[in-house]
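Just so it is clear, the structure is predicted and the values come from calculations on it, not from any experiment. Reckoned from all heavy atoms, side chains included, excluding hydrogens, waters and symmetry mates.
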Amino acid sequence: MKQNTKRREAAKILVEDRFFEKGHRKTKIIQSLVALLGWVGILVPLIWTSSPFLLPRHLTKRYHLMNGGEISSIRLLFIFLAFTFLTIVIIYITLTLFNNHRFNRTLRYKNTHNEAQLNKRRSLMNQVYSERFGSEDFRLNVRYYSVSEEQNFDTSFIKNLYDDGGAKL
């Protein structure tokens with residue numbers, strides 16, 4: 001019975017999104033319409049501004065006509081944004097390839113941690129776990145265990161334990 005109570009309490013704390021749950025059609029419709037309106041609010045001004053530059057012969061109405069200065073400004077902006085986009089793509093691809101190369105050649109075959117210090121930390125933690133929560137055999141075979149408030153670790157307990165045990169972080 002205690003376990004069900006704790007699950008209910010946890011459900012109150014966790015974030016839920018009704019959009020992805022079954023039902024809630026009204027919420028899904030409203031949120032989808034708001035998202036579509038947002039995209040329309042972004043795309044319509046973009047198309048309105050760029051159409052005289054991209055399709056000058058197809059537009060004949062007065063409010064779409066532009067003079068040479070505006071067209072050169074838009075052309076310069078387009079070139080700048082295209083150059084920026086290509087630069088970002090090249091940088092991301094280069095960094096991804098470098099990271100994959102580094103992972104495949106270095107990190108996969110080389111220990112990036114100190115084995116002796118890691119073993120010391122594991123033994124310190126196992127000792128503390130045995131003192132606070134019982135033997136390792138008990139911890140592995142128990143089905144339900146409730147931790148009392150006194151058994152909880154303080155915020156800096158593990159850091160202090162490592163510092164005192166000679167396995168600093």
Mind listing the side-chain donor-acceptor pairs of residues 31-45 below 3.5 Å, one per line with the distance, residues two or more places apart or on another chain?
from, atom 1, to, atom 2, distance (Å)
Ser32, OG, Lys28, O, 2.7

Response to the item:
With sequence neighbours left out, the residues meeting ring pair (Phe, Tyr, Trp, His ring centres under 6.0 Å) with Phe83 are none

Practice prompt. With sequence neighbours excluded, tell me which residues meet side chain to side chain donor-acceptor pair (under 3.5 Å) with Asn119.
Written response: none

Worksheet, complete the sentence: Contacts of Thr94 meeting side chain to side chain donor-acceptor pair (under 3.5 Å) (sequence neighbours excluded), chain-then-number -> none

Not counting sequence neighbours, which residues clear side-chain contact (heavy atoms from CB on, under 4.5 Å) with [X]? List them please.
X      : result
Leu95  : Ile91
Tyr145 : Phe133, Phe138, Val142, Val147, Gln151
Thr155 : none
Ile88  : Thr84, Tyr92

Item to complete: Would you mind listing every salt bridge (Lys or Arg N to Asp or Glu O under 4.0 Å) that reaches into residues 117-139, with sequence neighbours excluded?
Response: none

Worksheet entry | Non-neighbouring partners of Lys159 that pass salt bridge (charged side-chain N to carboxylate O under 4.0 Å, His left out), sequence neighbours left out | Asp163

Worksheet entry | Interatomic distance, Leu81 atom CG to Leu86 atom CG [nearest 0.5 angstrom] | 11.0 Å

Worksheet entry | Distance (rounded to the nearest 0.5 Å) between Leu118 CG and Ser123 OG | 10.0 Å

Discussion item. Under 4.5 Å side-chain heavy-atom separation, chaining through any Ile, Leu, Val, Met, Phe, Trp or Tyr, what else clusters with Phe98? Say none if it is isolated.
Written reply: none

Worksheet item: Does Leu97 sit in a hydrophobic cluster with other residues, and if so which ones, taking ILVMFWY side chains as linked at heavy-atom separations under 4.5 Å, directly or through other members?
Response: Phe85, Val89, Ile93

Discussion item. Between Phe153 and Leu161, is there a side-chain heavy-atom distance shorter than 4.5 Å?
Written reply: no

